[in-house]
There are 2 protein chains.
Amino acid sequence: MFETLFTPGLDTASAAPLNEQLQAMLRGAILDGRLPSGRRLPATRALAERLEVSRNTVLAAYDHLIAEGYLETRQGAGTYVSTDLPDTSLQVRAVEQAPVTGLHARPLKRPLAGMPALDQFPIDIWSRLSGSVWRSATESQLLYNDPAGYLPLRQAIATYLSAARGVVADADQVIITSGIQQGFHLLSGGVIAPERAIVLEDPGYPGMAAAAATLPHPLHFTPIDRDGALIPDIGGPVGIFVTCPSRQYPLGHTMPLRRRLEVLEWAKAQDCYVLEDDYDSEFRYAGRPINSLQGIDGGKRVIYSGSFSKTLFLALRLGYLVVPKDMVPNLLRQRMATDSFPSISNQMLLARFIEEGHFARHIRRLRAVHKKRLAAFLGAAATYLNPWFEIPASDTGLHIVGFCRDGAELPDDKRLAIIVGRAGIGASPLSGTYSQCTPRQGLLFGFANIPEREIESRVKELAAILNQQTGF
Amino acid sequence: MFETLFTPGLDTASAAPLNEQLQAMLRGAILDGRLPSGRRLPATRALAERLEVSRNTVLAAYDHLIAEGYLETRQGAGTYVSTDLPDTSLQVRAVEQAPVTGLHARPLKRPLAGMPALDQFPIDIWSRLSGSVWRSATESQLLYNDPAGYLPLRQAIATYLSAARGVVADADQVIITSGIQQGFHLLSGGVIAPERAIVLEDPGYPGMAAAAATLPHPLHFTPIDRDGALIPDIGGPVGIFVTCPSRQYPLGHTMPLRRRLEVLEWAKAQDCYVLEDDYDSEFRYAGRPINSLQGIDGGKRVIYSGSFSKTLFLALRLGYLVVPKDMVPNLLRQRMATDSFPSISNQMLLARFIEEGHFARHIRRLRAVHKKRLAAFLGAAATYLNPWFEIPASDTGLHIVGFCRDGAELPDDKRLAIIVGRAGIGASPLSGTYSQCTPRQGLLFGFANIPEREIESRVKELAAILNQQTGF
């Protein structure tokens with residue numbers, strides 16, 4: 001079977017790296033059942049020879065698929081298609097992995113606890129482009145625009161998401177929003193029957209819970225374990241389940257492939273939608289991000305949501321939904337009734353910023369800067385904050401979670417967040433992210449917007465403040 | 001009684017023109033009942049002497065109040081407080097007319113049939129300011145912002161509205177929106193009980209009808225006569241009545257004072273809100289605009305809505321609500337749940353544009369240009385379009401209405417609008433603005449965005465096209 005699987009082989013003329021082409025090929029074969037669960041894969045050396053690529057290429061592809069949960073190794077016995085994938089789910093869909101081109105960055109995130117390194121934002125380029133797009137604006141750009149958003153921006157986003165996140169989408173499936181809350185309202189009014197429930201993760205992004213509370217649908221929550229959201233278990237029909245599989249907010253868990261497939265299977269059985277809130281996937285400081293749930297599903301019932309609030313800046317208020325094609329007309333009707341179309345200014349500017357490569361450069365710079373800041377913060381926290389907080393290892397995002405230790409005699413985390421602010425460290429209370437589950441006390445520490453050289457002294461100062469308060 | 005009425009007299013040190021101070025004084029006295037209906041006013045010469053101002057000042061004030069319907073003249077017998085004001089309504093509220101300062105322009109309008117003279121838009125200034133506001137942006141401006149909008153912009157709008165529209169408002173009553181549809185959604189979710197009805201004018205702005213159709217409230221319509229909207233007469237409680245008293249859309253009627261007071265009295269009896277859609281009041285080419293309904297009411301149950309879509313350009317997507325103070329918290333809660341806060345970019349730019357006086361200059365320029373284009377269009381229409389259209393006189397706005405003549409054998413106005421477009425004239429079908437009332441056939445001709453020298457030739461070309469189609 002490997003003969004047909006690896007024919008026609010890899011495309012050395014493509015801009016997509018060979019190891020990513022191989023990943024896509026294998027992932028597709030696993031998902032559509034051509035490579036069944038438990039099947040042993042060729043040895044890396046043998047496959048490298050057959051494909052006429054270096055062995056490192058094959059190793060890199062295997063390693064990545066192991067990290068994603070598609071493959072597993074058995075001690076001394078080679079590499080296999082994972083056995084703990086639910087068999088019936090494997091038919092979900094062949095991923096048509098788009099070739100990787102151009103951008104090497106990825107977007108998205110939202111409010112609360114965690115700003116990017118704003119000192120790295122290229123305000124000079126942004127200002128210059130801002131004047132420039134206005135000077136070249138045409139009369140038609142100043143008038144009615146597409147309710148889905150500015151086409152060049154939607155094209156830039158589709159290209160980027162396909163390359164960076166394995167999202168399967170054309171520009172006509174991209175709808176520009178002011179952020180996930182507007183996107184959520186459009187979905188509610190446009191395609192979710194009011195009697196069908198909304199299910200959110202608990203803990204989760206408080207903005208989503210606040211948005212859901214204003215909608216007519218019944219509202220339910222599903223708890224989190226170390227693999228992310230549990231499969232929702234509620235009475236009555238579900239309309240949409242909102243989840244952050246790439247990096248659970250706020251706890252940071254990545255949902256492994258098995259759970260992802262379970263979510264898709266459940267959603268199929270419920271005949272409901274899944275809203276994948278991929279708010280943060282740019283900021284993975286080790287390894288390559290795991291592909292989107294939308295890409296596994298092929299965009300049939302998974303709606304993908306992203307924003308530029310975290311990669312650029314919060315006050316930009318630009319995000320997007322990627323939706324199934326048949327959903328577009330209803331959503332645009334809802335958009336026209338509620339908001340006509342998004343303002344052209346930021347869209348022209350952002351499209352140019354992406355097209356000219358500034359966005360990709362900015363993300364690369366941020367990732368390098370954040371990685372250092374994260375290491376410095378984790379180091380300083382281990383040295384100074386251990387009496388009060390348990391801080392799990394983390395290699396992603398813009399915040400780290402510190403759980404308040406039992407017996408540390410800390411004030412309530414809402415008050416604590418204010419105290420931490422006095423040391424020049426942005427923090428949000430963990431308890432504020434819970435809705436129905438019993439809240440845990442803790443803090444989300446924003447590490448990314450503190451200059452590296454100041455991190456240790458601020459953490460030390462925080463320890464001194466806590467010392468005074470608690471006597472440790 | 002005139003002794004106390006005109007004490008302490010006019011303030012010659014004020015920036016407000018003396019005739020406007022006198023208007024405000026008289027208007028306030030009429031509204032709070034100190035000057036009762038039917039009371040004769042002092043002769044202009046006598047009053048001028050008493051107030052130590054020129055007789056022209058008094059004449060100008062009387063003329064304006066006559067135009068507004070507060071005063072009336074009786075042949076050869078002087079000037080009186082109008083007798084057809086409903087007496088019980090006169091207690092509505094003393095208008096605290098704010099002193100007129102700075103800006104002499106006024107904002108606002110929305111989609112469909114009628115663009116301003118976009119060739120007059122100072123894109124050079126706008127581009128330059130755009131780069132400049134970004135260069136001077138602070139980190140905090142790039143982060144969270146006020147859900148009500150950028151404070152300097154809200155201040156600029158409050159100052160402007162007070163001066164130009166007699167709107168009674170502080171900056172903290174101004175909520176920046178993406179336009180009236182978003183404002184309408186915020187009101188619906190934030191302060192209008194779902195079982196209470198929405199009442200719209202019929203015909204009216206189709207965008208409002210579309211927005212209302214997505215909301216849970218019962219939807220009703222009230223017809224138009226030559227004084228604008230009729231007092232709604234529906235069974236069941238009303239939540240909000242949306243009206244355009246300054247210039248009915250699309251028919252262009254100005255609601256006289258008597259009807260305004262009736263609307264306020266009705267709203268009080270219903271305990272409902274009135275949404276005053278003041279979309280177009282900048283563009284009055286003869287006389288001074290009539291003050292807002294909100295100003296008469298004092299902003300207790302009238303919510304004022306405006307936008308910059310018509311004074312600047314549509315794709316800017318910036319509008320605002322002016323709301324009663326006690327409504328602000330609920331609306332901001334709704335805003336935070338649906339849209340967080342408006343993008344900072346356009347707000348910074350627009351605030352600067354207003355503060356530096358560019359907005360006022362632009363409106364003055366537009367008014368002069370539009371006035372000439374309107375005269376040219378009306379002239380050409382009278383010469384060439386008379387066989388097909390009855391075109392009432394008009395001295396406001398960005399479009400004129402042409403009613404299709406019976407027997408003119410014109411195609412349906414939806415098709416007709418497309419035909420007119422071929423002659424380079426923007427047009428919308430009148431029938432598309434009707435919801436429940438029997439639609440009239442006609443067109444809204446956009447005259448303001450056609451260079452004056454081209455108007456006659458385009459109208460002539462249109463006549464040639466219609467001639468071919470209909471044989472006139």
Side-chain angles (χ1 to χ4, degrees), chain A residues 110-111 115 118-119 121 123-124 126-137 139-145 150 177-179 181-182 184-185 189-190 194 207 210-216 309 312-318 333-334 336-347 349 449, chain B residues 110-111 115 118-119 121 123-124 126-137 139-145 177-179 181-182 184-185 189-190 194 207 209-216 309 312-318 333-334 336-347 349 449:
Chain A
R110 317 134 318 177
M115 291 297 138
L118 289 164
D119 52 353
F121 184 71
I123 193 78
D124 49 336
W126 189 261
S127 309
R128 180 171 54 71
L129 288 183
S130 168
S132 161
V133 295
W134 280 118
R135 270 187 296 276
S136 59
E139 187 173 296
S140 73
Q141 285 172 336
L142 302 187
L143 296 181
Y144 284 100
N145 277 271
Y150 183 54
T177 65
S178 68
Q181 286 159 302
Q182 187 186 36
F184 197 39
H185 273 257
T214 66
L215 297 174
S309 292
L312 297 175
F313 54 92
L314 188 68
L316 183 60
R317 310 298 309 139
L318 275 180
R333 212 170 296 125
Q334 186 68 12
M336 290 174 78
T338 55
D339 183 46
S340 294
F341 61 89
S343 174
I344 192 70
S345 337
N346 290 331
Q347 295 189 86
L349 177 47
N449 199 25
Chain B
R110 317 136 318 178
M115 292 297 136
L118 289 164
D119 53 353
F121 183 72
I123 192 77
D124 50 336
W126 188 261
S127 310
R128 180 172 55 71
L129 288 182
S130 169
S132 160
V133 295
W134 280 118
R135 269 187 297 276
S136 59
E139 187 174 295
S140 74
Q141 285 173 335
L142 302 187
L143 296 180
Y144 284 99
N145 277 270
T177 65
S178 68
Q181 286 159 302
Q182 188 186 36
F184 196 39
H185 273 258
T214 67
L215 297 174
S309 293
L312 298 175
F313 55 90
L314 187 68
L316 182 60
R317 310 298 309 139
L318 275 180
R333 211 169 297 125
Q334 185 69 12
M336 290 175 79
T338 55
D339 184 43
S340 294
F341 61 90
S343 173
I344 192 69
S345 338
N346 290 331
Q347 296 188 87
L349 177 48
N449 198 26

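Letters A, B, ... mirror the listed sequences (proteins, then strands); counts begin at 1.
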> chain B: which of A/L142, A/L129, A/V133 shares the most heavy-atom pairs with it under 4.5 Å?
Replying inline: A/L142
>> Using heavy-atom distances under 4.5 Å, tell me whether B/N449 contacts chain A through its side chain, its backbone, both, or neither.
In response: side chain
> Counting N and O atoms only, with roles assigned by atom type, does the side chain of A/Q181 sit under 3.5 Å from a partner on the main chain of B/M336, one being a donor and the other an acceptor?
Replying inline: yes
> Is the backbone of B/I344 close enough, under 3.5 Å, to the side chain of A/R317 for a donor and an acceptor to pair up by distance?
Replying inline: no
> What part of B/T338 gets closer than 4.5 Å to chain A, counting heavy atoms only: side chain, backbone, both or neither?
Replying inline: both
> Taking every heavy-atom pair that is under 4.5 Å apart, which of B/A210, B/A211, B/S132 has the most such pairs with chain A?
Replying inline: B/A211
> In terms of heavy-atom proximity below 4.5 Å to chain B, should A/L349 be classed as side chain, backbone, both, or neither?
Replying inline: side chain
>> Report which part of A/Q334 has an atom under 4.5 Å of a heavy atom belonging to chain B: side chain, backbone, both, or neither.
In response: side chain
>> Heavy-atom cut-off 4.5 Å, strictly under: side chain, backbone, both or neither for A/L143 against chain B?
In response: both
>> Tell me the closest heavy-atom pair linking B/S130 and A/W134, and the distance in Å.
In response: OG-CD1, 3.3 Å
>> As an exercise, state the distance from OG of B/S136 to CD1 of A/I123, rounded to the nearest 0.5 Å.
In response: 9.0 Å
> Measuring heavy-atom distances to chain B, does A/N346 have an atom under 4.5 Å in its side chain, in its backbone, in both, or in neither?
Replying inline: side chain
>> Heavy-atom pairs under 4.5 Å with chain A - which of B/P342, B/A337, B/P194, B/A137 has more of them than the others?
In response: B/A337
> Of the listed residues (B/S127, B/G131, B/A209), which shares the most heavy-atom pairs with chain A below a 4.5 Å separation?
Replying inline: B/S127
